[in-house]
J.: 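Got a structure here, written out as structure tokens. Questions coming.
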Amino acid sequence: PAFGLFIFTIARDPLRIIILIAGAFFWLVSLLLSSLIWFIAVKASDPQDERLQKGLLIFGVMFSVLLQEAFRFLYYKLLRKAIEGLVALSEDGCSPISIQQMAYVAGVGFGLMSGAFSMINLLADALGPGTVGIHGDSQLYFLTSAFMTMVLIFLHTFWGILFFHGCEHRRWWEIAAVVIMHLTVSGLSFCNPLYVGSLVPSYLLMAAAAAWAYLLSGGSAQNLRRFVLCKC
Amino acid sequence: MITFMNNSDSEEEPCNERTSLMSAESPPVPSYQDGLQASAAGEAQAHRKRRAGSSRGPNNIAGGEMSGSGVPVRESNLENEEEELTLKYGAKHVIMLFVPVTLCMIVVVATIKSVRFYTEKNGQLIYTPFSEDTPSVGQRLLNSVLNTIVMISVIIVMTVFLVLLYKYRCYKFIHGWLILSSLMLLFLFTYIYLGEVLKTYNVAMDYPTLFIVIWNFGAVGMICIHWKGPLQLQQAYLIMISALMALVFIKYLPEWSAWVILGAISIYDLMAVLCPKGPLRMLVETAQERNEPIFPALIYSSAMMWTVGMAKPDTAARGPGQQTWDAAEDGREHLRSPSHAESQMSETRSPVPTHPITSLEELEEEERGVKLGLGDFIFYSVLVGKAAATASGDWNTTLACFVAILIGLCLTLLLLAVFKKALPALPISITFGLIFYFSTDNLVRPFMDTLASHQLYI
């Protein structure tokens with residue numbers, strides 16, 4: 001689905017592609033920094049202690065989430081500057097791309113990169129021989145990973161929109177809500193392999209975020225109804 | 001490799017060309033260990049890719065004609081709009097370069113992942129004489145540094161040689177050399193590549209069919225690259241030969257040497273293009289002074305001179321005129337009249353005298369193409385291919401390097417738009433790529449693996 005989003009909405013406009021790639025880059029850098037921190041922490045600690053390792057992992061995850069949001073903010077700043085530049089250069093005084101579109105594309109960029117990093121090794125291994133869950137782990141590993149990744153990609157997209165909207169209108173609670181949601185979703189993934197604990201709430205959160213983002217982007221229940229019924 | 005935006009020489013030329021050219025440097029062809037008289041061709045090969053191309057302002061011609069028409073109003077208009085166009089079309093150009101670079105990388109990565117041949121170590125190039133199978137780390141490091149020094153000095157010698165040839169107008173020699181090396185590339189390497197791919201997929205093919213296929217491929221390639229041909233086909237061929245060359249490098253360069261060479265090449269590129277006495281810069285300037293195009297087969301250009309059959313009725317008349325004029329200039333790659341696929345007219349900047357202001361607005365829509373040297377393609381693909389081949393983090397590392405290179409390319413093009421002169425395309429991208437490769441491989445991979453094993457998501 002994420003690739004569908006990409007092809008239908010982004011691939012036409014070169015500017016969006018650039019923003020997408022830059023978004024992916026920012027996510028990557030945040031991942032790099034957070035894994036650096038985690039790595040240092042692990043090396044500095046005792047490799048035998050299971051609980052400590054688990055604790056460090058959790059710490060790493062939370063830190064990574066915070067870093068991702070920080071980078072989203074940095075990216076927002078960069079895009080603001082870019083928009084001013086584009087407006088100055090365009091012929092008719094208005095930017096070829098609006099901040100909401102940028103928010104959307106940035107969100108997709110983040111999401112695609114995070115999804116890719118989560119899934120791609122899994123997919124490569126899935127091509128090879130093997131049985132899932134042979135050692136007593138869940139047999140649904142691949143499926144749940146796929147769903148979780150998808151929900152995360154969508155969530156990143158919506159968070160992008162919400163975040164940028166919050167930054168635009170200076171509503172700090174929106175930004176805080178995004179951060180908290182992200183932390184929640186990551187935290188929920190700790191429930192794995194108890195999948196019902198992680199997937200279901202994540203999907204619910206995604207639906208909530210989707211509705212919120214839709215409303216923020218100017219949609220309304222009426223629009224939705226008209227779209228569904230194919231009226232014009 | 002330089003990217004360069006050429007301001008045309010004539011002052012009265014208000015329309016600046018923003019063609020950016022990055023020259024390609026390709027290292028010599030590998031001589032196989034079983035000894036090969038291809039070493040001669042190898043030199044040719046090596047040299048061939050190793051050239052710096054200069055992009056010329058497509059406006060040179062336009063400039064001439066503009067001054068001929070003498071329309072001051074238009075000139076000032078154009079000056080203002082020039083700046084806007086610079087960045088307005090920036091995005092388009094970046095994409096025009098993203099696509100081929102991406103394609104090349106995809107081809108290389110796909111081949112590396114599937115065909116075993118390119119990851120087996122079957123010996124080294126003659127240009128990297130020191131082996132890396134040494135017991136100690138220090139020795140290995142030393143050997144790789146020595147290899148790099150040898151390789152870089154070969155490159156420098158070749159480049160200087162080429163610049164001298166160009167300066168002393170030994171065009172026939174250069175052309176012959178280029179033709180010989182592209183011949184070898186198209187036929188020999190394609191044969192090997194095809195052989196390996198067929199082996200991997202266990203597909204049988206008899207020799208006559210193989211001969212016909214390779215003959216056709218090679219012949220069309222030669223024509224497309226060195227003479228005229230449809231733009232897309234030419235671009236496709238250039239991408240393919242870049243991929244082939246990159247695969248050869250990936251196979252024949254030992255590991256540590258490869259990384260050190262990549263680093264050293266980007267430093268060399270930086271110096272060769274920006275220092276006043278650098279060979280590449282001299283090449284570019286000489287080409288500019290003489291108002292000539294850089295050789296075909298060394299540069300990838302994203303726009304073409306003319307688009308046949310895409311002229312609007314009123315511009316149809318000038319279309320052919322422009323073509324003959326351009327043909328006379330021997331420019332397939334000249335961006336003198338950048339033309340564009342998207343705009344529905346045959347674009348040329350020059351035929352201003354016959355056109356009123358309205359067509360000027362149409363002209364403003366045209367695409368100025370951007371040129372990138374083939375060596376840049378090759379080295380980007382080498383980086384990504386090496387990442388795919390040797391990284392244990394597999395796809396994550398490859399993906400990270402890919403994004404890093406694309407961002408580097410973006411930044412380079414941005415700098416190009418700002419500085420408007422020839423710029424090296426390698427350093428920024430390769431630096432990002434190297435940083436990301438090493439950090440992803442060593443830092444991110446354990447993190448992601450641990451996360452994945454616990455199925456945690458960040």
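Any value given below was found using the heavy atoms of this structure, including those in side chains, with hydrogens, waters and symmetry copies removed. Throughout, a chain's letter reflects where its sequence line sits, starting with A, and its residues are numbered from 1. Fair warning: this is a prediction, and the values are worked out from it, not measured in the lab.
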J.: Side chain, backbone, both or neither: which part of A/Phe39 has a non-hydrogen atom closer than 4.5 Å to chain B?
T.: side chain
J.: Do you know which two heavy atoms are closest between A/Leu28 and B/Phe436, and how far apart they sit?
T.: CD2-CE2, 3.2 Å
J.: For A/Ile21 and B/Leu406, work out which heavy atoms get closest and say how close.
T.: CD1-CD1, 3.8 Å
J.: Any idea which of B/Ala400, B/Ala404, B/Cys410 has the most non-hydrogen atom pairs under 4.5 angstrom with chain A?
T.: B/Ala400
J.: Determine the option with the most heavy-atom pairs under 4.5 angstrom with chain B, choosing from A/Val29, A/Leu36, A/Ile40.
T.: A/Leu36
J.: Output the distance between atom CG (B/Leu411) and atom CZ (A/Phe25), rounded to the nearest 0.5 Å.
T.: 7.5 Å
